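Here the structure comes first, spelled out in structure tokens, and everything after it is commentary.
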There are 2 protein chains.
Amino acid sequence: MHQPNGLYPELKKNSNKHTVLNLVRFTPGGISRADIARHLGLSRAAITAIVNDLLVNELVRETVDGPVTGGRRPKMLGINPNGGYVIGVDIGATHLGLLLTNLAAQVLYEIEIPFQVSLGPEVCLAKIDDLLRELLSKADLTLDHVDAIGVGVPGPVVEEAGAVIAPPIMPGWDHFPIQTHLHKLWKCPISLNNDAELGAIGEWAYGAGRGEDHLLYIKVGYGVGAGLLIEGNIYRGATGSAGEIGHITIVDQGPLCTCGNHGCLEALAGGRAIAERAQLAVKNSNGRRTQLSQIDPIESISSYDVTSAARMGDLKAQEIIAEAGNYLGIAIVNLINVVNPGMIVIGGGVAQNGDLFLEPIRRSANERSLPAAVQNLRITAATLERRSTSMGAIVQALTISLSKKSNQ
Amino acid sequence: MHQPNGLYPELKKNSNKHTVLNLVRFTPGGISRADIARHLGLSRAAITAIVNDLLVNELVRETVDGPVTGGRRPKMLGINPNGGYVIGVDIGATHLGLLLTNLAAQVLYEIEIPFQVSLGPEVCLAKIDDLLRELLSKADLTLDHVDAIGVGVPGPVVEEAGAVIAPPIMPGWDHFPIQTHLHKLWKCPISLNNDAELGAIGEWAYGAGRGEDHLLYIKVGYGVGAGLLIEGNIYRGATGSAGEIGHITIVDQGPLCTCGNHGCLEALAGGRAIAERAQLAVKNSNGRRTQLSQIDPIESISSYDVTSAARMGDLKAQEIIAEAGNYLGIAIVNLINVVNPGMIVIGGGVAQNGDLFLEPIRRSANERSLPAAVQNLRITAATLERRSTSMGAIVQALTISLSKKSNQ
DNA sequence: TTGTTTTGTCAAGCGTATTAACCAAATGAA
DNA sequence: TTCATTTGGTTAATACGCTTGACAAAACAA
């Protein structure tokens, strides 16, 4: 089948049914038939027919009466939350998160644990399988009740292969058939995506980036990555590795990175760099007592510790966070000129520091980016916090589930 | 009217007529009805009806019999070149190019002269008006025969305003209503675009980037800019300034740039930087005779002189070109990781040096970019040479002309 | 109350597609 | 050469999804 394409668009049956369903999904508080008609430039009569179809299939339901408009009050439409479940899995470098939601994306149960993706696919996927079954048993459900599962991984995903290729922070996972493996385990549709891309989708659908047509999401965790959402679609590039900003060079001849090059963004602003810099600072502090120096052994200081110390007022920790923000700012200036986003959302553990981390970024952007690109640009922290990626995985799973149900 | 959008696509009447027309336009050597049907996933019967409509409106014509396929030979379809003319205008920082073509984009007449965009809009647009009328008189035509005119400028274009905002190398043009001004002068539809974006379109339609879904075109002239074509559509970003890579920082605390910052790509690899470096080299050569030192006065050495000297074998000139390629390589590595293009086409005057300029870029890309992003990436020079941008302007003008004719 | 505005529904009609049959023109094997 | 096969293009009947225009329902304003 022909790929969707600007010049030669895919000619899809029922395309407006999908479009209406998307509008209902992603409009906060629901939407009326008349509003849908206005948004899509269709007649109210056409929308009535499409909505009736969605109503009898129980994909959509009438919720409450809408706001007073000067005439008859509209009946608001929302996704029918019943009739299925989906799961979102966020595989991080050092953590693992799972969400179970209904079809309206309302979170029912959640699991989050520390994790080591570096243990390789067999060990990790077995652990994930255990946790997924634990999540289901908490909800008194089985895999038969689950319509689809979205999975996020911290590496470049090749969609057709259902695998990651040459992922710098996922040693041992290169070309491992993740999607096929999980499909065999769980027997339901699996959507495999990059974690930063899912973060972008999550924040666009339910977080800080709602309704933004040109959204850049930057994930600063153990690794650093970006997800670019253009008019509601992920931009993946030619081979699926767009937005892999962790290994762009920021400082020529800078510190050695895991990827083998020097001065990569990830080696300057990633969670590992932050932790290492904090460990070094404690070693060189000659026993002066700080928030950080109380952690023992020194080698166990993590970026999470630095984050909390900074928030508790530890000056050295704040300095380290601000320094990371500074380096990220340099990278973001380049991204702004190239991508010209309407909004930048910063997520991942380090972004929990709020303005301490965001201010150096905003300063660089204003000083060094093209005026044309920054004058209407907003730079904010992710509002879904730790759930950006897993909610993005939920969005992908729901897309599969709802489009399957609406084609029956 | 609602904007075209991935999730909520524009619902356009006759959309398949436009799609078929595009397929005919951009398929080299023409295309048969059966092939169109296969490409679009429509029935042959539907295509027959659409093509008949285009035939009676004389937008399309049957050209020759197609290749032997094992059955009845197909009748190839091509754009009917008669019935109208369009003009493409390439406003460069230091040159001006105009093309007159028929509806099949075949060049009929051409003018190219040196130019100073820095003289400001009134002076420049008056000069352009003179040349456009000269071009028409050469062809024994008047403006009444011209369906549409495409114009390219070396700065960030805001489409709705028909103007450039804060363009670093177009002093005096900020917010000047170029499109309105030209429409009043010429009384026909004007399409105003960024020059690098038009270069991308030109190379995609008729040059090195044919059929590439993720094309990055990089223009290295007096300024440096990039145009990103995603599935046949220009990516402009939120405010139209995407791809303005001339002012990303390459060397911290590097040479001062016209934009006020230090170490910008343009200040290291642009035409002005190349010329200045050559002038400096001649001054410091203590009278040693080289290709370059024969130019008098030294201050008049241009990047074009360096380019020709390098091709004639001047070692110093070659060194300067290679150095510029090196800096551009650093920028391109970042672009590859962020954008993940399927192909990079390098255009503009400096790119005429071919491999001398391209090799440093290819080397950087292979050494420093993510394997996932470079393994299928091609980096080549523009095949339309000086015409990349003006042919892109022709494509835009033809889009206006053909879509107007097909809606009658 | 009546008139106005807005939402939602219905029936008639139209435009654009599909399906299935057909002819046209080429190939290749008997 | 003849005839089955393959591919290209056309035609007529039909299906589907949308628009149009009318209308009822439900709110507000005079």
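None of these values were measured; they are calculated from a predicted model. Letters A, B, ... are given to chains in the order of the sequence lines, protein chains preceding strands, and every chain is numbered from 1.
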Show which side-chain atoms of residues 76-86 of chain A pair as donor or acceptor with protein atoms under 3.5 Å away, not counting sequence neighbours.
| residue | atom | partner | partner atom | Å |
| --- | --- | --- | --- | --- |
| A:Asn80 | OD1 | A:Asn82 | N | 3.1 |
| A:Asn80 | OD1 | A:Asn82 | ND2 | 3.4 |
| A:Asn80 | ND2 | A:Glu58 | O | 2.9 |

- Item | Set of side chain to side chain contact (heavy atoms under 4.5 Å, CB included) partners for A:Ala49, sequence neighbours left out |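 For A:Ala49, no residue satisfies side chain to side chain contact (heavy atoms under 4.5 Å, CB included) once neighbours in sequence are set aside.
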- Query: Do any side-chain nitrogens or oxygens of B:Asn16 fall under 4.0 Å of OP1 or OP2 in C:dT16?
  - Reply: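 Indeed not, no polar side-chain atom of B:Asn16 lies that close.
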- Task: For B:Lys17 and C:dG15, give me the distance from atom NZ to atom P, rounded to whole Å.
- Result: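 Taking atom P of C:dG15 as the reference, NZ of B:Lys17 is at 12 Å.
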- Gap between atoms CD1 and C1', on A:Ile36 and C:dG8 respectively (whole Å):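 In whole Å, C:dG8 C1' and A:Ile36 CD1 are 12 Å from each other.
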Atom pairs, N/O to N/O, protein against nucleotides 8-12 of chain D, distance under 3.5 Å?
| residue | atom | partner | partner atom | Å |
| --- | --- | --- | --- | --- |
| D:dG8 | OP1 | B:Arg38 | NH2 | 3.3 |
| D:dG8 | OP2 | B:Arg38 | NH1 | 3.0 |
| D:dG8 | O4' | B:Arg72 | O | 3.4 |
| D:dG8 | N2 | B:Arg72 | NH1 | 2.6 |
| D:dG8 | N3 | B:Arg72 | NH1 | 3.1 |
| D:dG9 | OP1 | B:Lys75 | N | 2.6 |
| D:dG9 | OP1 | B:Lys75 | O | 3.4 |
| D:dG9 | OP2 | B:Arg33 | N | 3.3 |
| D:dG9 | OP2 | B:Ala34 | N | 2.9 |
| D:dG9 | N7 | B:Arg44 | NE | 2.7 |
| D:dG9 | N7 | B:Arg44 | NH2 | 3.0 |
| D:dG9 | O6 | B:Arg44 | NH2 | 2.6 |
| D:dT10 | OP2 | B:Arg33 | NE | 3.3 |
| D:dT10 | OP2 | B:Thr48 | OG1 | 2.9 |

Any residue meeting salt bridge (Lys or Arg N to Asp or Glu O under 4.0 Å) with [X], in chain and number order, not counting sequence neighbours:
{"X": "B:Arg210", "answer": "none"}
{"X": "B:Arg236", "answer": "B:Glu159, B:Glu197"}
{"X": "B:Arg44", "answer": "none"}

